[in-house]
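The structure appears right after this line, and notes come after that.
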Amino acid sequence: MNTSDIKALLEKYWACNTSIDEELQLRSYFSQSDIAPELTVYTSLFSLLRTQSNLSTSITLPDTYVLEIHDLLDKYWDCNTDLNEEATLKAYFAGNDIDKSLVQYADLFKVLRSESELTAGNIAIERTMKVSAPAVSKPSKAFSIPTKWIAVAASLLLVSVLWFNSDILTPQNDTAFAEYAVQSEEEALEVTMEALAFLSGKLDKSSNKIKNDIKRVSNASLLK
Amino acid sequence: MQMVLPFKDKLYRLALRIVGSVQEAEDVIQEVLIKVWKKKEQFVELDNKEAWCMTVTRNLCIDKIRARKMRTSDVTEHYDIRDKTMTPSEMSVSNDRMQQILDLINSLPEKQKTVVQLRDIEGYSYKEISAITELKLDQVKVYLHRARLTLREQITKKAI
């Protein structure tokens, strides 16, 4: 291909009218050493395009077991896993060899595992140790009474209190509500009116108090 | 999964072009492979598996960029662009030029950059690019034209 052909091809290239084959011809032309001086300005571009198309990655296909864990995780999020499958997930995330694509879930399963390992026994032992530790290091010199004598004294006190206040044990008479019973419609109306008047008075009092409080708050200089 | 192997490097190069770092690009490819595994029944039925994977790769890259607000221009430290067939002196001059052009490509808007990658580096047809990017055929040419125009202007102006 002569220089004028390449120039024409380049014009087509800039106008995006070249075919893939023509673009390969351009790449091939610019990869050789004998390039027309006026075209050398484009050499770097086509060299770059060529080298970029050879970049590769060493990424390998994920391990089948890892993919199965992904499947299990999907089932887990959908709440379709059984206990055995959840145990498999927990066991996988408890290990040290967690795939990069799964690392983000590791903390969740670690927390779940550590929470499931909490035992009441440990807490009880810790508390016992905390309570008993000072007693071991610093023996108390205070006077102490045996527990059984305290129990006897408490019982005697209870019996004597009940003896001298025997009316506590006898049932109280019921309030004679019958004497407050309303006998006629007029009386019922009167009682209702009284009750409503009492309620209205209370409501007036509380609404006035709220108004006063609001006034005091709005007058407060701190809020202005 | 084995069906992905022949075009695994193409996926990687597209991811690298868009996200701009080797680490991120490898993460994207891992995600693509896992997606293929999860949709294995449908994947086997696909006519154009490569185009489907390229589309998924591009979409994941865009998600990553949006999520991490990552800069895509600085890829120079991540991979070696040297042409191993040159002498050391040629290599040094050419490296500078190539590096500037690479920076120029990486600084293009995402769609232009992707179209350049798919056409000028991977050699896809316009129809295939349209399928991968989900852009209309005309739009593909418009984006490619703008990208080439920028490259031409910058190359000739700076005489890279």
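Just so we're on the same page: letters track the sequence lines, and every chain starts at 1.
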* Residues B/Glu26 and A/Lys100 bridged, charged N to O under 4.0 Å -> no
* Asked: Does the side chain of A/Gln52 reach to within under 4.5 Å of the side chain of B/Leu102, using non-hydrogen atoms?
  -> yes
* Is there side-chain contact between B/Arg119 and A/Ile20, with at least one heavy-atom pair below 4.5 Å? -> yes
* Let me know if A/Asp74 has heavy atoms under 4.5 Å from chain B in its side chain, its backbone, both or neither. => side chain
* Who wins among B/Lys38, B/Glu122, B/Gln30 for the most heavy-atom pairs under 4.5 Å with chain A? -> B/Lys38
* **Spacing of B/Gln117 atom CD and A/Ser53 atom OG [to the nearest 0.5 Å]** => 9.0 Å
* **A/Thr18, part contacting chain B, at a heavy-atom distance under 4.5 Å** => both
* Toward chain A, the part of B/Leu11 with a non-hydrogen atom under 4.5 Å -> neither
* **Heavy-atom proximity to chain B below 4.5 Å, by part of A/Thr43** => neither
* Structure fact -> Correct closest heavy-atom pair for A/Thr57 and B/Asp9 would be N-OD1, 3.0 Å
* Neighbours of chain A found in residues 138-151 of chain B - heavy atoms under 4.5 Å -> B/Lys141, B/Leu144, B/His145, B/Arg148, B/Leu151
* Asked: Quick one: does A/Tyr13's side chain get under 4.5 Å of B/Asp120's, heavy atoms only?
  -> yes
* **Test item: A/Leu48 and B/Ile105 side chains (from C-beta on) under 4.5 Å apart, heavy atoms** => yes
